[in-house]
Amino acid sequence: REAGGEVRAVEADQLGDGLQVRVALSAPGYKTMRVRSATTSDVAPGEFVASAPPTVTGVAQVDQPLVASAGTWTPAATFSYPWFAGSQAVSGATASTFTPTATQLGAALKVRVTASAPGYKTMRVAPAVTEAVAPGQFTATSPPTFPSFAPHAWAWVHSASPRRST
């Protein structure tokens with residue numbers, strides 16, 4: 001082969017090892033010559049590059065889902081998403097989506113996007129912290145109804161002077 005004819009990528013299982021090149025030179029009428037290069041320094045883990053940072057979308061409110069996007073990373077990675085309320089990890093919250101509960105009410109939330117791949121340093125990035133988790137809101141999906149046999153009271157409010165009926 002001609003000089004520069006082969007390029008090889010370093011593999012994850014070569015981390016921590018020094019590398020060496022062996023070359024055999026041959027030509028008609030010449031004795032084959034074999035040579036080795038000096039050993040390189042140990043292969044170090046690769047590093048991820050995030051070209052688009054992680055983001056969190058949604059409203060920090062009880063029962064409203066938040067969604068973490070990993071962003072764009074080179075090379076491809078496997079991601080995990082541990083969520084935190086204040087400085088405390090939220091038990092069991094490791095998916096890209098998280099729905100705050102009353103337990104997180106008043107706490108600022110953050111997710112730590114963690115990228116990993118064989119042969120690369122694990123990288124952790126935390127997008128901006130959310131606002132404090134707000135209380136949830138009730139939503140009536142239909143007007144209330146009362147059985148005809150049930151005693152009930154109602155009030156009409158007009159100009160701040162309620163009129164009651166029972």
Side-chain angles (χ1 to χ4, degrees), residues 1-139 141:
R1 295 196 179 177
E2 295 179 6
E6 189 172 333
V7 175
R8 295 201 52 192
V10 176
E11 302 292 329
D13 63 353
Q14 296 171 315
L15 283 175
D17 295 338
L19 301 179
Q20 203 176 58
V21 176
R22 289 185 225 169
V23 179
L25 305 168
S26 63
Y30 288 85
K31 181 179 177 182
T32 299
M33 178 179 179
R34 289 176 171 67
V35 293
R36 285 184 193 190
S37 70
T39 302
T40 66
S41 57
D42 291 346
V43 173
E47 293 186 11
F48 291 104
V49 175
S51 56
T55 59
V56 174
T57 55
V59 176
Q61 183 177 13
V62 170
D63 290 332
Q64 295 299 310
L66 297 169
V67 178
S69 165
T72 305
W73 299 70
T74 304
T78 300
F79 297 100
S80 64
Y81 303 86
W83 289 84
F84 294 80
S87 62
Q88 298 297 312
V90 178
S91 179
T94 57
S96 60
T97 59
F98 175 68
T99 302
T101 66
T103 305
Q104 290 85 40
L105 184 62
L109 300 175
K110 73 175 178 180
V111 61
R112 185 181 297 150
V113 178
T114 303
S116 60
Y120 286 81
K121 291 180 185 176
T122 298
M123 185 171 197
R124 294 172 181 85
V125 178
V129 176
T130 69
E131 292 184 18
V133 174
Q137 294 182 353
F138 290 106
T139 303
T141 57

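Position 1 is the first residue of the sequence; numbering continues from there.
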Looking only at heavy atoms, what is the nearest atom pair of [X] and [Y], with distance?
X	Y	value
G58	L66	C-CD2, 3.6 Å
L105	A134	CD1-C, 3.5 Å
T99	Q64	CG2-N, 3.8 Å

### Message
If only side-chain N and O atoms count, and only distance matters, is there a donor-acceptor pair under 3.5 Å linking T39 with Q20?
### Response
yes
### Summary
The complete set of salt bridge (charged side-chain N to carboxylate O under 4.0 Å, His left out) pairs with one or both residues in residues 76-98, sequence neighbours excluded, reads none
Hey, does [Y] have a side-chain heavy atom less than 4.5 Å from the side chain of [X]?
X	Y	result
V133	L109	yes
V111	V56	yes
P54	V125	yes

### Task
Mind jotting down which residue pairs meet the side chain to side chain donor-acceptor pair (under 3.5 Å) criterion with at least one end in residues 118-137? Sequence neighbours excluded, please.
E47-K121
Would you give me the side-chain donor-acceptor pairs under 3.5 Å for residues 69-98, sequence neighbours excluded?
unit_1, atom_1, unit_2, atom_2, d
S69, OG, G71, N, 3.4
W73, NE1, A70, O, 2.6
W83, NE1, A95, O, 2.8

### For V59, all residues meeting side-chain contact (heavy atoms from CB on, under 4.5 Å), sequence neighbours excluded
Q61
#### Entry: Pairing residues for V49 by the side-chain contact (heavy atoms from CB on, under 4.5 Å) criterion, not counting sequence neighbours
none
